[in-house]
Amino acid sequence: MSRMQAVFYTFSVLSLSVGADVKARSCSEVRQAYAAKGFSLVNVPHQEISGEHLRICAQGYTCCTSEMEDSLSQQSKLEFENLVDETSHDLRSTFVSRHKKFDEFFLELLENTEKSLNDMFVRTYGKLYMQNSEVFQDLFTELKRYYTGGNVNLEEMLNDFWSRLLERMFQLLNSQFQFSDDYLECISKYTDQLKPFGDVPRKLKAQVTRAFIAARTFVQGLMVGREVANRVSKVSLIPACIRALTKMRYCPYCRGMPQEKPCRNYCLNVMKGCLANQADLDPEWNLFIDALLLVAERLEGPFNIEAVMEPIDVKISEAIMNMQDNSVQVSSKVFQGCGQPKPAANGRSSRGISDVFNARFRPYSPEERPTTAAGTSLDRLRKVWTTMQHSVTDVKEKLKESKKFWSTLPDGICKEDEVTAGVADDDQCWNGHTKGRYFPEVSKDGLTNQINNPEVEVDITRPDTFIRQQIMALRVMTNKLKNAYNGNDIYFQDSSDEGSGSGSGSGCTEACVTELQLVSTKAPVADDDGSAEQAAGNTSAASALGPSLALAAGLALAALALQRQWR
């Protein structure tokens, strides 16, 4: 019995001796590293103390007080947010810069095309054009309103333009008569039957519709990508994630090893747990990028907006000449269908066509191409468009690189030397408990795969509502992009009604995500020669609730179904 007591006594003395050595270890390295983070050294121990007060790190002998652990916990949160921000910076910059570049170009193109047409028509038709210039001004006003987010039905708007132009020209060419509003309305009904402008309206409708749908939707897509990336990059951390980050990054401080970095696989598990909801964005994000790439192809094809808008003045003037050449036949058929009009009250006699249009259209030579008031010629705009073609190639490459971004975000953060110690099987790294190898397997991506994450406790039954909203925003935009690629337009609620500023490229605000109108414009089908067959125009979703309430109810059901699928 006495021998056993002696052994026990000896073991106790040795244990106390070892404990005394551990307790006596210096915290100088920790103090230095802690101060380097900008924290005060007041109340920071010089030697290890008992760690019963710690709530995250191990409760053995430690260099951390409760205040230090709290400060390091907040530091972990801040650094993680900064890491996500830095890692996603290039992605967000891509959408910001490309959206700005394409938006500015399309708006400049519209402005210069309108100025070119005005200059050309003043020189070609003189006073007659100036007296009726509002018809053409309204055309460009509506094109701009469409591009900047207005609910403009392009096909109806273009039909209205040609009807108004027919009414004005018909009156000019038959100035010996007076026409009532009812008579003018009757004239417009014969537009399709008489084809007074030849085949120009049909071809131009197909070209303008496809070009503007592609341009506007592409810029809208870049804006939605920008907004989603900005929002998702601002992570919302759950307490379990903050604890895991603190344990990974700063519990080595409390153990007196501030220089130790976490093992790479350890870092990946922490990041996959903290960014599980972001990873769930990836499938919809990839579909969105694919749809953007499809529409980008439209910016390079025969229906690109520059190829359509640059010669639009020539095309409209060609239509006017067709009307001028066919005016006798057109007038005769209108008189047959709408009745003989009354003579003009002032008794004006019939004038020849040459008296009305005192100058026939002739194309400008390169030296005579009109320039804008600011000195911007269409030749310069062509150079800008050449640059834009390179920009299309550039943005396509950038978009391809952005695929799978959100699921690979943990890998981007856990880069060697920046956050982690290095290779996955390194046994000289912080494994969450001590310096050594990290053995657990790395969890897969997404919320449902975090059920067995060894580092972060994630409630897989409660998906992040904010992230689900961004998934829905991408889904809506992807559908719109796919329709735009096929020449169909599903447009947003007119943002101009709510006072949003123009020049945004889409005029789309946060309301766009939830206020998608169930109305579409289908572009005329293109012929082999680039013309179009007049196709079915507008379809609308009728509902006893009205479109806004019906849409709200539909989105609510979609969101509920989406949430249930994650349960």
Side-chain angles (χ1 to χ4, degrees), residues 33-34 36-39 54-57 64 67-93 228-255 257-282 405-422 424 429-433 438 440 442-443 445-447 449-450 453-460 462-467 470:
Y34 192 70
K37 294 289 182 182
F39 296 115
L54 298 180
R55 292 174 296 173
I56 298 174
C57 299
C64 288
E67 292 77 12
M68 289 176 65
E69 191 180 45
D70 290 341
S71 297
L72 293 173
S73 180
Q74 289 301 313
Q75 184 71 12
S76 298
K77 178 178 181 295
L78 179 62
E79 288 179 352
F80 174 74
E81 291 170 345
N82 290 338
L83 278 170
V84 174
D85 185 76
E86 292 170 7
T87 308
S88 63
H89 177 266
D90 287 347
L91 174 73
R92 290 181 285 114
S93 294
V228 169
N230 284 336
R231 292 167 182 166
V232 177
S233 297
K234 302 293 186 274
V235 291
S236 177
L237 298 181
I238 59 175
C241 177
I242 297 174
R243 288 194 298 271
L245 289 167
T246 305
K247 181 181 177 183
M248 179 188 79
R249 185 68 184 89
Y250 286 114
C251 282
Y253 278 52
C254 297
R255 291 293 303 272
M257 300 181 289
Q259 76 283 357
E260 297 300 329
K261 293 182 179 180
C263 304
R264 186 172 183 275
N265 283 355
Y266 177 29
C267 175
L268 286 173
N269 270 335
V270 172
M271 295 303 162
K272 284 177 181 285
C274 291
L275 297 170
N277 283 283
Q278 278 76 5
D280 282 341
L281 188 77
D282 223 38
F405 175 82
W406 302 105
S407 61
T408 59
L409 186 55
D411 297 89
I413 293 175
C414 296
K415 286 182 179 178
E416 183 176 347
D417 295 332
E418 295 184 18
V419 176
T420 62
C429 52
W430 175 252
N431 62 16
H433 304 282
Y438 183 78
V442 177
S443 298
D445 302 319
L447 186 64
N449 288 317
Q450 305 313 306
N453 189 308
E455 307 303 335
V456 187
E457 296 180 10
V458 181
D459 185 351
I460 66 170
R462 300 185 64 183
D464 188 302
T465 304
F466 180 75
I467 297 295
Q470 306 315 306

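The figures that follow rest on heavy atoms only: side chains count, while hydrogens, waters and symmetry mates do not.
Residues Ile242 and Ser73 have side chains in contact (heavy-atom distance under 4.5 Å, counting atoms from C-beta outward). A heavy-atom distance below 4.5 Å is found between the side chains of Pro463 and Asn277. By the 4.5 Å heavy-atom criterion applied to side chains, Ser71 and Tyr250 are not counted as neighbours. Annotation: side chain of Lys247 is in contact with side chain of Tyr266 (closest heavy-atom distance under 4.5 Å). Under the 4.5 Å side-chain criterion, counting only non-hydrogen atoms from C-beta, Lys234 is in contact with Asp85. For the pair Arg264/Asp411, a side-chain contact is recorded, criterion being any heavy-atom separation below 4.5 Å from C-beta on. Side-chain contact between Pro262 and Tyr438 is absent, with no heavy-atom pair separated by less than 4.5 Å. By the 4.5 Å heavy-atom criterion applied to side chains, Ile56 and Glu69 are counted as neighbours.
When all heavy atoms of Asn269 and Ser443 are compared, the pair lying nearest together is OD1-N, 2.7 Å. Residues Ser407 and Pro410 come closest through the heavy atom pair O-CD, 3.6 Å. Trp430 approaches Met257 most closely through the heavy-atom pair CZ3-CE, 3.6 Å. The two residues Gln75 and Phe39 have their closest heavy-atom pair at OE1-CZ, 3.7 Å.
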>> Between Cys274 and Val235, is the side chain to side chain contact (heavy atoms under 4.5 Å, CB included) condition met? List the steps.
In response: CA-CA 9 Å; Cys274 291; Val235 291; over 6 Å; no
>> Before you tell me yes or no, could you show the steps for Cys57 and Cys64 under disulfide (SG to SG under 2.5 Å), namely the whole-Å CA-CA distance, both residues' side-chain angles and the distance that decides it to 0.1 Å?
In response: CA-CA 9 Å; Cys57 299; Cys64 288; 5.8 Å; no
>> Between Ile413 and Leu275, does the side chain to side chain contact (heavy atoms under 4.5 Å, CB included) criterion hold? Intermediate values first, please.
In response: CA-CA 11 Å; Ile413 293 175; Leu275 297 170; 3.9 Å; yes
> Where do Gln450 and Val456 land on the side chain to side chain contact (heavy atoms under 4.5 Å, CB included) test, with the steps shown first?
Replying inline: CA-CA 8 Å; Gln450 305 313 306; Val456 187; over 6 Å; no
>> Between Arg249 and Phe80, does the side chain to side chain contact (heavy atoms under 4.5 Å, CB included) criterion hold? Intermediate values first, please.
In response: CA-CA 10 Å; Arg249 185 68 184 89; Phe80 174 74; over 6 Å; no
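Within the model, atoms CE of Met271 and SG of Cys414 stand 5.0 Å from one another, a figure rounded to the nearest 0.5 Å. Interatomic distance, CD1 of Ile460 versus CG of Asn449, reported as 9.0 Å (0.5 Å rounding). One finds the CD atom of Glu86 at 10.0 Å from the CD atom of Glu79 (value rounded to the nearest 0.5 Å). Distance CG/Leu409 to OG/Ser233: 7.5 Å, rounded to 0.5 Å. Here Met248 contributes atom CE and Asn431 contributes atom CG; the two are 13.0 Å apart, rounded to the nearest 0.5 Å. Remark: Thr87 OG1 to Arg92 CZ distance equals 9.5 Å, nearest 0.5 Å.
Applying the side-chain contact (heavy atoms from CB on, under 4.5 Å) criterion to Asp70, with sequence neighbours excluded, gives Arg55. Residues meeting the side-chain contact (heavy atoms from CB on, under 4.5 Å) test with Val232, sequence neighbours left out: Val228, Gln278, Leu281, Trp406, Ile467, Gln470. Listed by chain and residue number, Lys77 satisfy the salt bridge (charged side-chain N to carboxylate O under 4.0 Å, His left out) test with Glu81 (two or more places apart in sequence, or in another chain).
For the residue pair Tyr253/Lys37, the side-chain donor-acceptor check at 3.5 Å is not satisfied.
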